[in-house]
**Student:** 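Pasting in a structure now, in structure tokens, and then I'll have a few things to ask.
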Amino acid sequence: MNIIFAIATGIMFGLGVFQLLRRDLIKMAMGFYILFTAINFFFLAVGVFDGNVPAYVAPKDDGVSPLYLDNGEVVARDIGMTDNPQPARPSDPLVQALLLTAIVISFGSFALLLGLINVASVRFKTLDSDQVNNLKA
Amino acid sequence: MEILILNLTPFILSLLFALPITQRIGKPVQWGWATGTVMTTLFIISLTLLPQILENGAFSTTITWVPELGLQFSWYVDGLSLMFMLIVTGIGIAVFLYAGYYLDDPADLARFYSYLSAFTGAMLLVVMAGNLILLFIAWEATSLTSFFLIGFKGAKYEDARIGASRALVITAAGGLAMFVGLVLMGTAGGSFEFADLLSKDAGKLLRDHAWYPAMTILIMLGCFTKSAQFPFHFWLPGAMSAPSPASAFLHSATMVKAGVYLLFRLYPTLGNTPLWRDVLLVIGLATMTIGAVFAIRKRDLKGLLAYTTISMLGTFVALIALPHAEGLKAAALGIIAHALYKGTFFMLAGTVEHATGTRNLDELGGLRKLLPIPTAIAFTVGLSMAGYPPLVGFVGKEYLLDAMLPQTGIGIIPIALVFISAILNGTAALLFAWDVFISRPDRQYDHFHAPPFGMHIGLIGLALASLLFGVLIAPLLDPLLEAVLGKHPHLHLIPTEINAAVLLSVLALVGAPTFFILRSLWMPMKGIRLLSGAEIYAGIIKGVESFGDLLLTSQNGKLRYYLIAILGVVAIMMFLGGYEVARPLSIIFQDPVTDILKLTMIILAIGATFASIIIRAHVMAVLALGVAGYAIGVLFLLEPAPDVALVQILVETMVTVLIILMVARIGILQRKKAQDLLWKGTKKWGQFGIIRDAFISIVIGGSVALFAIAAVNDRDGRIQQVKQVASEELPLSGANDILRPISLWHLQNAYPKTQATDVVGAIITDFRGTDTLIEIMVFSVASLGLLTLMTLPVGREVLFGENMDELMKQVAKERFPDQEEEVINLDPTKRSREYYRKVTDKYQFENLSTPLTRTVAQIVFPFALLLSVAQILYGGSAPGDGFTAGVVSGLAVASWYVVFGYFEARLRLRWLHAGRLIVAGLSIAFINASLGLITGGAFFGNIAFDGGQAPADLHLTTSVVFEFAIYLVVFGGVVSIMNAISHPRDLEEWGL
């Protein structure tokens, strides 16, 4: 399954790059956002996978929590259907934390990017990136 | 203690002269005497070290600097260091005193003294440094101060600027080569301290090391550039645009000898090998000969002196080349003698220029009567330079000839070249002394003004030293040279036996005047025109510049081409990296039900993204993008990663709102034009552009996929490794099976260390709290940056707070002329709802602002705040945390902006100040993180405020406070973004 995620990462990234290369600045900004998404996909592919319970660890065995601590060791309860029980597996919590911050940061930087496009459209009176060529000194 | 005084005093002096207040105290001449006194003190302090060194040998001191990197300030002072310290401070006395008379303008002089003192400090550090890194830093500091001194008159003269930059480029480039050599040496030798490196064992180790040739050549490059050896010699004549005292000090007596110093210093470690001998001998002799030949053809006094200096520097290098330390005695003596006479000569050139306004030999002559004291000085030091007894130069020349005799197995060529150079150097000395002061006695000078006597004092001292050191050579110089060489030198003025060296010496004494008298024969001869180093250097610089021009032509200013270039390079790198590690695919399906759902979501995400590309209308494309984002949110939920899923879905909503608001701000005509561009080719390329972009996208996407597959496979492999390692001790089941040790550690410690059952939350607020802190700072900067971007640069007024009320009054005047009084004088907070509606309805989205939406928005807002609080408090044990809480509250505010319009939303939410929220959040975050430090833990150490007594799942710890801080920042950031993007574009939109 994670291989499929890896391939999906590539497809999303390719779509993002194509969108990024449009002359329309708004489309270009969308391309950036697709790239952010593709990178989240990548994290999902390489980090958060193969789990079947959230990464929550109860302090002690309460009879319900799939994962609990016992003398400092994480113990996994069997979950799933009674005829086919599986040990509980959490997805990698560290990568999730990275993803969480990445999503918020991409939001902030995307907002800034939109602001820049807005200013460009006011100043250059166009949304065509080929006509915004005053960047050259 | 002496070491610190010696090192710090010059730098303090430099700082003092840089201060404007110091420049008002006293007069230039007094500064000259004061600085001269300081130098004298330093000279005496250095001298007191001599008995110590004679008795105990070298001594070293160390101050720890950066122990983690093995860096320390350390000093290593032995006889060699001391000799150079005495030269620097001794010549320094004369130079500083002379400069006080030479430069008239106080501002110029203060600047000059500041540079010169800094140089003195750096130069003392070069010869006293006990650590290779410290040596390098000081070395480059001398290059830098030299740059400032050469370019001293750069504001007026282009020559000075060119000379300064050329000297800096060459010496600094050589310094960098030397740095590599020093690092090689320190690594190979196992120590960066001279105290260790100069031992016999270290020397043997280094000479037998495989890196020996590389480190030696690199260090030599540094020395050759610094000491103006062929083929790098040409920067020194160019450096003559420095004021004469600086030339005397840096470019003859001290700095250019740094290279000689380092070679001398490293002789016990790296010297006495065939490589050392051959390279140094060839370069040294070539430099010596070229310098001497060029010198006598120069008509500029300082140019003549510069080339003789180059010649002498070459001589010293050649002497250090000799095996078995045969040449070191002659080199040491030569360095002292040269510093004494050449420094004096440079200052004499300055005096002559000061008095007559020229330094051209053709325009000078017969100054004997006008400048009687300089005449006497010139002849004293001139005889020393030409090597006549009883001056110190005579002894130096005799030892030089003696060392270069063929007995050490170097053949007959060196002695022949040395003999010729000795005659040419003598000729140059006579050219200066005789042609300036004696010949053409009837020459008239239009603008002559006599130099003050004080100008001569330092020079007289140096000339007397040249004489005294010759006459009383044994008592004066024996102890110093003994300290340098480690054995008694047995110096003597009168040769004890008649040998080949004495005969050659006498022959040179006769040869030089003869050659000088015959100058009318050889002077008109045309020299062979060689391509000079300066021209080669200029060519290189020009080549670099035209290469830069060439690169510039590739800049067409179109954004997309830059993106293609950047992404293309990254893609190639990723392809190469992924290609190597990608292995056959292994598709493992774990759980058919969730896997089918996941697959559906992936297809949905990709399909929606694809739709966003082909859809022309912006708003529709944005909505398609939103679908893709939600699909990914569901994917996170299926994983299961509930925290991430929550954030993803909330942020996706935020982004969709954001883009739509943003797109709406841009004029419809512009958008229409841009939309029409989508599938239209360019004139030049036609539809080829689409195919090209598609090709690039496929290549890049393919590379990324390959890279991702490689990463996934690599992780699989890593997990296998971990399993194998752990299989001995750990019972493997569940968590232990698939996680890397670090993730497992987080699972095990989340609750014991932070009282949080939500491991992701624990990582964010605690284990990687510093990351999060930086992240919220980035977010706040981005959102505040957006506010600045959207409100200020297009010349708009920022419409918050006070000026907003002003605006309201103007609107009221226009729209309610009959109620003007009442409206204007009313307290803004007491105005009726009805009033607000009437004023602001013009600025609302017509179809969004219905009674229903307004009611919903009002109801939602408090609930959103409540939900945020719950998420903060239970962040440790349930999905949701400060981020999601901030976005939830932010969404509520966003809905107000959409429903009520900017104007009314701002009026209703005047208490909501984005900047204050962000500042409060960041302050709380920092204070909270520092609490751990106070209680004896670490930054971000976790503290439980309630002692674990609070209800289950609700633990009041520093984590919760941090969540609150994150909430404030994210909320503030979202509000700031909303303010920015819904802020009216210009006042016309307000109907004003």
Side-chain angles (χ1 to χ4, degrees), chain A residues 1-3 6-11 13-15 17-21 23-24 26 30 34 42 45-46 48 50 54-59 72 74 76 87-94 96-97 99-101 103-105 107-109 111-112 114-115 118-119 121-122 127-130 133 135-136, chain B residues 557-560 567 585 587 589 595 602 606 609 613 618 625 639-642 644 647-648 651 658 662 665-666 670 674 677 693 697-698 700-701 704-705 708-709 711-712 715 733-735 738 743 746-748 750-751 757-760 763-764 775 778-779 782-783 785-786 789-790 794 883 977:
Chain A
M1 195 63 212
N2 40 3
I3 293 298
I7 295 167
T9 305
I11 295 173
F13 209 91
L15 290 174
V17 170
F18 187 81
Q19 186 82 309
L20 192 64
L21 295 177
R23 279 167 70 181
D24 180 354
I26 293 180
M30 289 186 208
I34 298 173
F42 177 72
V46 299
V48 191
D50 220 7
Y56 286 70
V57 182
V74 179
R89 288 187 313 268
S91 300
D92 193 333
L94 184 59
Q96 292 183 39
L99 258 173
L100 225 158
T101 48
I103 291 170
V104 177
I105 292 226
F107 168 56
S109 43
L112 196 62
L114 287 176
N118 216 299
V119 171
S121 95
V122 169
L127 279 175
D128 181 357
S129 77
D130 280 8
N133 54 7
L135 299 172
K136 198 171 169 179
Chain B
K558 286 188 180 166
L559 200 51
R560 292 183 300 148
L567 291 170
L585 308 183
I587 302 181
F589 291 97
D595 278 356
I602 290 177
I606 291 175
T609 311
I613 288 176
H618 287 139
L625 213 55
E639 203 44 62
V644 188
V647 172
Q648 169 72 25
V651 165
L658 190 70
M662 203 62 120
R665 288 172 62 89
I666 297 171
Q670 275 188 35
L677 283 173
D693 290 353
S697 311
I698 289 168
I700 293 176
V704 172
I709 290 169
V712 169
R715 186 169 159 124
S733 71
I738 61 152
S743 303
H746 283 134
L747 288 178
Q748 285 165 350
Y751 192 84
T757 52
D758 181 357
V759 183
V760 178
I763 294 174
I764 289 207
E775 190 235 325
V778 171
F779 184 73
S783 57
L786 182 68
L789 200 63
M790 303 283 288
V794 264
F883 289 118
I977 289 171

**Student:** Looking only at heavy atoms, what is the nearest atom pair of B:His618 and A:Met30, with distance?
**Tutor:** O-CE, 3.7 Å
**Student:** Can you tell which part of A:Ile34 gets under 4.5 Å to a heavy atom of chain B, answering side chain, backbone, both or neither?
**Tutor:** side chain
**Student:** According to ring pair (Phe, Tyr, Trp, His ring centres under 6.0 Å), who are the partners of A:Phe18, at least two apart in sequence or on a separate chain?
**Tutor:** none
**Student:** Nearest heavy-atom pair of A:Gly115 and B:Leu786: which atoms, and what distance?
**Tutor:** CA-CD1, 3.4 Å
**Student:** Using every non-hydrogen atom in the two residues, find where A:Gln96 and B:Ala641 come nearest and quote the distance to one decimal.
**Tutor:** OE1-CB, 3.3 Å
**Student:** Rounded to the nearest 0.5 Å, how far apart are CD1 of B:Ile763 and CG of A:Asp92?
**Tutor:** 7.5 Å
**Student:** Apply side chain to side chain contact (heavy atoms under 4.5 Å, CB included) to the pair A:Ile103 and B:Phe883, showing each step before the final yes or no.
**Tutor:** CA-CA 10 Å; A:Ile103 291 170; B:Phe883 289 118; over 6 Å; no
**Student:** Roughly how far, to the nearest 0.5 Å, is the NE2 atom of B:His746 from the CG atom of A:Leu94?
**Tutor:** 5.5 Å
**Student:** What residue in B:Ile698, B:Ile700, B:Ile606 has the most heavy-atom pairs under 4.5 Å with chain A?
**Tutor:** B:Ile606
**Student:** Among B:Ser697, B:Ala674, B:Ser783, which residue has the highest count of heavy-atom pairs closer than 4.5 Å to chain A?
**Tutor:** B:Ser697
**Student:** If I compare all heavy atoms of A:Ala6 with all of B:Ala708, which pair ends up nearest, and what's the gap?
**Tutor:** CB-CB, 3.7 Å
**Student:** Quick check for you: to the nearest 0.5 Å, what is the distance between A:Leu15 atom CG and B:Ile613 atom CD1?
**Tutor:** 4.5 Å
**Student:** Which region of A:Ala97, side chain (C-beta onward) or backbone (N, CA, C, O), has a non-hydrogen atom less than 4.5 Å from a non-hydrogen atom of chain B, or is it both or neither?
**Tutor:** both
**Student:** Of all the heavy-atom pairs spanning A:Ala58 and B:Thr757, show the shortest one and how long it is.
**Tutor:** CA-CG2, 4.2 Å
**Student:** Specify which of B:Val644, B:Asp758, B:Val647 makes the most heavy-atom pairs with chain A at under 4.5 Å.
**Tutor:** B:Asp758
**Student:** When heavy-atom pairs shorter than 4.5 Å are enumerated against chain B, which of A:Leu127, A:Thr101, A:Leu21 gives the highest number?
**Tutor:** A:Leu21
**Student:** For each of A:Asp128, A:Ile26, A:Ile11, tally heavy-atom pairs with chain B at distances under 4.5 Å, and name the one with the top tally.
**Tutor:** A:Ile26
**Student:** Please determine, among B:Asp693, B:Ile764, B:Val778, B:Leu658, the option with the most heavy-atom pairs under 4.5 Å with chain A.
**Tutor:** B:Asp693
**Student:** Closest approach of A:Ala8 and B:Ile602, non-hydrogen atoms and distance?
**Tutor:** CB-CG2, 3.7 Å
